[in-house]
There are 2 protein chains.
Amino acid sequence: MSDDPDPGLPSVAPAAWLIRKLKSTAQISARDCADIENLSFTVRTFGGRTSIVHEGDVPKQCCLVMDGWAYRCRSLANGQRQIFAFYVPGDIPDIESLHLHVMDQGLVAIAQTTVAFVAHSDMRALIERNTSLAMALWRDTLIDATRCRERVISLGRRQAVGRMAHLFCEMYIRLRTVGVADDFRYVLPLTQAELADALGLSSVHANRSLQELRKLGFVTLHRRELIIHDWDGLETVAEFDPAYLHIV
Amino acid sequence: MSDDPDPGLPSVAPAAWLIRKLKSTAQISARDCADIENLSFTVRTFGGRTSIVHEGDVPKQCCLVMDGWAYRCRSLANGQRQIFAFYVPGDIPDIESLHLHVMDQGLVAIAQTTVAFVAHSDMRALIERNTSLAMALWRDTLIDATRCRERVISLGRRQAVGRMAHLFCEMYIRLRTVGVADDFRYVLPLTQAELADALGLSSVHANRSLQELRKLGFVTLHRRELIIHDWDGLETVAEFDPAYLHIV
DNA sequence: CTTTCACTCCATCATAAGTTAAATCGCGCA
DNA sequence: TGCGCGATTTAACTTATGATGGAGTGAAAG
């Protein structure tokens with residue numbers, strides 16, 4: 001889709017992101033780092049709300065988020081959408097495409113988003129050669145699955161306000177882990193309609209829930225910046241326990 | 001928990017289940033089969049509604065379902081429960097425990113359920129030695145994640161009747177794939193309260209939705225046997241598309 | 001045969017969330 | 001400065017689902 005290829009960029013930065021991310025959830029050796037740094041990346045920047053991978057595509061490469069956010073989503077017959085997960089710097093949203101060839105969901109860039117592509121063939125070679133790194137990547141996909149299960153609990157058993165609070169908590173922890181957030185604030189590049197699609201709500205009710213969190217004094221959200229004023233309060237209404245993120 | 005150890009049973013059957021399952025979603029070589037058959041399994045039978053693995057446990061083994069069903073679930077502060085996924089013969093519900101050490105959910109046997117345990121150490125040795133099998137197992141965990149995402153869509157964007165229909169469709173396809181269901185009928189060993197916990201509903205509303213499916217003439221459910229009278233109708237209200245199960 | 005128990009089913013009322021539409025805000029742009 | 005457009009906010013109303021309590025049912029146990 002839309003993009004501006006940056007063929008001239010050095011491919012050191014992407015490796016650093018991936019290393020930082022993997023180190024946050026697993027033990028990574030010097031050899032693993034070297035192997036990651038030897039990968040060859042192609043960096044591209046996508047404009048807001050453009051598709052990185054389409055539903056039904058058969059990708060030949062994985063992508064690594066370097067800047068901005070991306071999300072996976074699927075559209076339904078009646079025009080509704082469901083956003084499954086958000087991906088932030090260091091994440092590889094479509095690593096599963098190594099094993100499951102046709103993408104059953106689309107991958108979309110929110111706002112301006114920079115990603116680095118790695119060829120499947122390179123990833124496969126790496127995985128064959130370096131078992132410990134393969135295990136770390138497998139582990140990463142398993143953590144992605146635990147986040148998905150947490151989403152199931154949210155949608156199944158939490159009310160709208162709790163769901164939203166939970167998402168705000170999770171994203172803060174994840175962003176802070178890779179050094180993109182601090183001091184209980186971060187850039188949340190989502191419209192309320194997108195929040196609604198992620199939380200299984202209508203956009204009107206997403207707005208109501210957000211107001212509720214503001215009225216409680218837990219957060220403010222203004223000009224795409226989320227500020228958490230009362231972490232403990234937010235954590236409580238969310239019933240948030242970061243254990244499922246498996247951050248070491 | 002409850003159980004009757006059967007130390008005398010030969011360990012051929014468990015391997016056969018696993019092989020059948022993996023063959024349904026990936027290419028499995030003769031060498032892979034041989035390696036699976038060389039694993040040593042410990043078979044145990046659990047009574048109805050007993051815990052196989054507790055929330056918070058640090059298991060030293062994986063379990064393979066051979067007969068019956070199991071589910072993963074978590075309880076919330078207010079006493080509500082969420083069931084994340086059901087597991088049927090051939091499935092390894094807790095293969096993730098190889099990489100994520102503390103179980104953040106419990107694993108429960110429904111009705112009488114027979115499982116086979118394999119020591120983590122044996123699984124790790126196998127994975128190190130046989131890369132192609134490791135990839136097949138990784139792939140299997142990724143398919144588990146796609147099922148989880150489908151659950152997210154259900155809870156987020158489908159109404160109660162559609163959610164239930166979707167579950168009925170998924171379980172039929174999965175059971176048929178491993179040869180445990182046929183002819184549009186199968187044993188559904190769940191109470192309506194358990195159905196509700198899986199679908200994010202109250203048990204009263206699960207009952208209403210079930211009545212609705214009966215009234216539409218799509219299914220009957222009597223004495224734990226589900227009969228699908230109108231597959232196309234069920235598939236339509238469910239918006240069910242089996243692609244996400246990645247059955248080859 | 002009775003008792004018990006778990007499950008199913010049903011009626012009623014309460015409430016969270018969806019729908020629609022319109023008003024308002026904020027920002028980029030002419 | 002004022003226009004235009006998307007995003008946010010508010011309101012009025014509808015609907016799906018939750019909560020409670022109680023009545024049927026059937027199988028197992030005594």
Side-chain angles (χ1 to χ4, degrees), chain A residues 47-50 76 78-83 110-112 153-167 187-216 219-226 237-238, chain B residues 47-50 76-83 108 110-112 153-167 187-216 219-227 237:
Chain A
R49 275 78 194 176
T50 57
L76 278 86
N78 59 6
Q80 295 192 105
R81 288 193 328 157
Q82 177 67 45
I83 293 178
I110 319 182
Q112 181 109 332
I153 271 223
S154 253
L155 296 180
R157 291 298 181 211
R158 275 191 262 263
Q159 313 219 132
V161 172
R163 288 183 213 175
M164 187 167 287
H166 196 275
L167 180 65
V187 175
L188 182 79
L190 302 171
T191 66
Q192 292 185 11
E194 284 164 329
L195 268 176
D197 284 338
L199 301 174
L201 300 172
S202 66
S203 62
V204 172
H205 203 64
N207 180 268
R208 284 195 275 249
S209 308
L210 183 55
Q211 310 276 351
E212 180 70 20
L213 287 176
R214 287 203 258 243
K215 200 166 56 183
L216 288 165
V219 304
T220 54
L221 174 58
H222 185 59
R223 316 268 267 99
R224 304 283 125 108
E225 186 185 42
L226 183 83
V237 301
Chain B
R49 276 77 195 177
T50 57
L76 278 86
N78 59 5
Q80 295 191 104
R81 287 194 329 157
Q82 178 67 45
I83 294 178
V108 177
I110 318 181
Q112 182 109 331
I153 269 220
S154 253
L155 297 179
R157 290 297 181 212
R158 276 190 262 262
Q159 313 220 135
V161 172
R163 288 182 213 175
M164 186 167 289
H166 197 275
L167 180 66
V187 174
L188 182 80
L190 301 170
T191 66
Q192 293 185 10
E194 284 165 330
L195 268 176
D197 285 339
L199 301 175
L201 301 172
S202 66
S203 61
V204 172
H205 203 64
N207 181 268
R208 281 196 278 249
S209 308
L210 183 55
Q211 310 277 351
E212 181 70 20
L213 286 177
R214 288 202 257 244
K215 200 166 55 181
L216 289 166
V219 304
T220 54
L221 174 57
H222 185 61
R223 315 272 264 98
R224 304 284 126 106
E225 187 187 40
L226 182 82
I227 305 177
V237 301

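Note that the structure is a prediction, hence the values are computed from the model and not measured. Below, read A as the first sequence line, B as the second, and so on, with proteins coming before strands; counting in each chain starts at 1. In what follows, every heavy atom counts, from backbone to side chain, and hydrogens, waters and symmetry copies are set aside.
Distance alone, capped at 3.5 Å, places no donor-acceptor pair between the Arg158(A) side chain and the Ile153(A) backbone. A side-chain donor-acceptor contact under 3.5 Å links Gln82(B) to the backbone of Asp197(B). Although no hydrogens or angles enter the test, the distance criterion places a donor-acceptor pair under 3.5 Å between the side chain of Glu194(B) and the main chain of Thr191(B).
Atom NE2 of His205(A) sits about 8.0 Å away from atom CZ of Arg163(A), to the nearest 0.5 Å. Distance check: Thr220(A) OG1 to Leu213(A) CG gives 11.0 Å after rounding to the nearest 0.5 Å. Leu199(A) contributes atom CG, which lies 8.0 Å from atom OG of Ser209(A) (distance to the nearest 0.5 angstrom). To the nearest 0.5 Å, atom CG of residue Leu188(A) and atom CZ of residue Arg224(A) are 8.0 Å apart. Separating the CG atom in Leu226(A) from the CG atom in Leu167(A) is a distance of 9.5 Å, to the nearest 0.5 Å. Going from atom CZ of Arg157(A) over to atom CG of Leu155(B) covers 9.0 Å, rounded to the nearest 0.5 Å.
Nearest-nucleotide assignment on DNA chain D puts the 5′-proximal partner with Leu221(A), out of Gly156(A) and Leu221(A).
Straight-line distance from the CZ atom of Arg81(A) to the P atom of dG18(C): 16 Å, rounded to whole Å. Computed from coordinates, the Leu155(A) CG to dA17(C) P distance equals 12 Å when rounded to whole Å. Atom CG of Leu226(A) and atom P of dT8(D) are 13 Å apart (whole Å). The nearest whole Å value for the distance from the CG atom in Leu195(B) to the P atom in dG18(D) is 14 Å. Distance Leu190(B) CG to dC7(C) P: 11 Å, rounded to the nearest Å. Atoms CZ (Arg223(B)) and P (dT8(C)) sit 12 Å apart, rounded to a whole Å. Between Gln82(B) atom CD and dG18(D) atom P the separation is 11 Å, expressed in whole Å.
Minimum interatomic distance between Leu201(A) and Ala206(A) (heavy atoms only, all atoms of both residues): CD1-CA, 4.2 Å.
Among dC7(C), dT8(D), dC9(C), the nucleotide with an atom closest to any side-chain atom of Gln192(A) is dT8(D).
Near-neighbour residues of DNA chain C inside residues 204-213 of chain B, defined by a heavy atom below 4.0 Å, number-ordered: Val204(B), Asn207(B), Arg208(B), Gln211(B). Contacts between residues 157-164 of chain A and DNA chain C, defined by a heavy-atom separation under 4.0 Å, are made by Gln159(A), Ala160(A).
Phosphate proximity of dC9(C) to Arg214(B): present, with a side-chain N or O under 4.0 Å from OP1 or OP2.
Contacts of Ser202(A) with the nucleic acid, taken as non-hydrogen atoms under 4.0 Å apart, include base atoms. The residue Arg224(B) sits close only to the backbone: its heavy atoms come under 4.0 Å of sugar-phosphate atoms, none of a base.
Residues Val161(B) and Met164(B) have side chains not in contact (no heavy-atom distance under 4.5 Å, counting atoms from C-beta outward).
Recorded end-axis angle for the helix from dC1(C)-dG30(D) to dA30(C)-dT1(D) stands at 30°, based on five pairs per end and rounded to 10 degrees.
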Take Leu221(B) and Arg214(B), measure what side-chain contact (heavy atoms from CB on, under 4.5 Å) needs, and give me the verdict at the end. CA-CA 8 Å; Leu221(B) 174 57; Arg214(B) 288 202 257 244; 3.9 Å; yes
